[in-house]
Amino acid sequence: QVQLVESGGGLVQPGGSLRLSCAASGFTLDYYAIGWFRQAPGKEREGVSCISDSDGSPYYADSVKGRFTISRDNAKNTVYLQMNSLKPEDTAVYYCSTASLGYYCSADDEIEVADFGSWGQGTQVTVSS
């Protein structure tokens, strides 16, 4: 069964850090670009970051540049999102997803929900004092 499972969310104070994990089962992540998205209550799902299956610069939304870092460990079939200097506006449910085969993340191009599938169930991140 093809499945993505996000974990690592929680409640953190402003300025704190969290590391989200996206673990795949039933398939290998090696050949897929992986995106992280988030959705706050009452808002549309937005792209946060994307990492290609091989070379190339990852994509970061302007709102998280310099604070978030995406990485992948193909040996563990897992993609991570390190989130530092968290702000209340980062509060959302965070999702990971696989892009279509051949999709290539670019630092200059926003990622779109329509280009991704195989969503996980999400992990809640709450930034509050």
Check: Considering all heavy atoms of both residues, which atom of Leu86 and which atom of Met83 are nearest to each other, and what is their separation?
Finding: CD2-CB, 3.8 Å
Checklist line | Heavy-atom closest contact (Tyr103 atom, Cys50 atom, distance) | finding: CE2-SG, 4.1 Å
Note to self: Please determine whether residues Val93 and Val127 belong to a single hydrophobic cluster, defined as Ile, Leu, Val, Met, Phe, Trp and Tyr linked transitively by side-chain heavy-atom distances below 4.5 Å.
What the structure shows: no
When rounded to the nearest 0.5 angstrom, what distance separates [atom1] in [X] from [atom2] in [Y]?
X: Asp53; Y: Ile34; atom1: CG; atom2: CD1; answer: 9.0 Å
X: Glu46; Y: Ser63; atom1: CD; atom2: OG; answer: 5.5 Å
X: Ile111; Y: Ser49; atom1: CD1; atom2: OG; answer: 7.0 Å
X: Gln121; Y: Ser7; atom1: CD; atom2: OG; answer: 8.5 Å
X: Tyr95; Y: Ser118; atom1: OH; atom2: OG; answer: 15.0 Å
X: Ser52; Y: Tyr59; atom1: OG; atom2: OH; answer: 13.5 Å

Item checked: Summary of salt bridge (charged side-chain N to carboxylate O under 4.0 Å, His left out) pairs that have at least one residue in residues 99-121, sequence neighbours excluded -> none
Margin query: Can you list everything that forms a salt bridge (Lys or Arg N to Asp or Glu O under 4.0 Å) with Lys87? Sequence neighbours excluded, please.
Written below: none
Item checked: ring pair (Phe, Tyr, Trp, His ring centres under 6.0 Å) involving Phe37 - partner list, sequence neighbours excluded -> Phe116, Trp119
Next item on the list: Please check if the side chain of Glu6 supplies one atom and the backbone of Thr123 the other of a donor-acceptor pair under 3.5 Å.
Entry: no
Check: Do Arg67 and Asp90 pass the side-chain contact (heavy atoms from CB on, under 4.5 Å) test, and can you show the C-alpha distance, the side-chain angles, and the key distance before you say yes or no?
Finding: CA-CA 11 Å; Arg67 301 188 298 121; Asp90 294 319; 2.7 Å; yes
Next item on the list: Would you mind reporting whether Ile70 and Val79 have side-chain heavy atoms less than 4.5 Å apart?
Entry: yes
Margin query: Just so I know, are the side chains of Thr98 and Leu4 near enough to count as touching, which here means a heavy-atom distance under 4.5 Å?
Written below: yes
Note to self: Can you list everything that forms a side-chain hydrogen bond (donor to acceptor under 3.5 Å, both in side chains) with Tyr94? Sequence neighbours excluded, please.
What the structure shows: Arg38
Just distance, no hydrogens or angles: give the donor-acceptor pairs under 3.5 Å from side chains in residues 26-33, sequence neighbours left out.
unit_1	atom_1	unit_2	atom_2	d
Thr28	OG1	Asp30	N	3.3
Thr28	OG1	Asp30	OD1	2.9

Next item on the list: Test Leu11 against Ser128 for side-chain contact (heavy atoms from CB on, under 4.5 Å), laying out the working first.
Entry: CA-CA 7 Å; Leu11 173 63; Ser128 175; 4.2 Å; yes
Sequence neighbours left out, cut at 3.5 Å: what donor-acceptor pairs do the side chains of residues 13-25 make with other protein atoms?
unit_1	atom_1	unit_2	atom_2	d
Ser17	OG	Asn84	OD1	2.9

Next item on the list: Please say whether the positively charged group of Arg72, taken as NZ for Lys or CZ for Arg, lies over the ring of Tyr80, i.e. under 6.0 angstrom from the six-membered ring centre and within 45 degrees of the axis.
Entry: no
Check: How about Glu44: does its CD atom have over 12 heavy atoms from other parts shown lying under 6.0 Å from it?
Finding: no
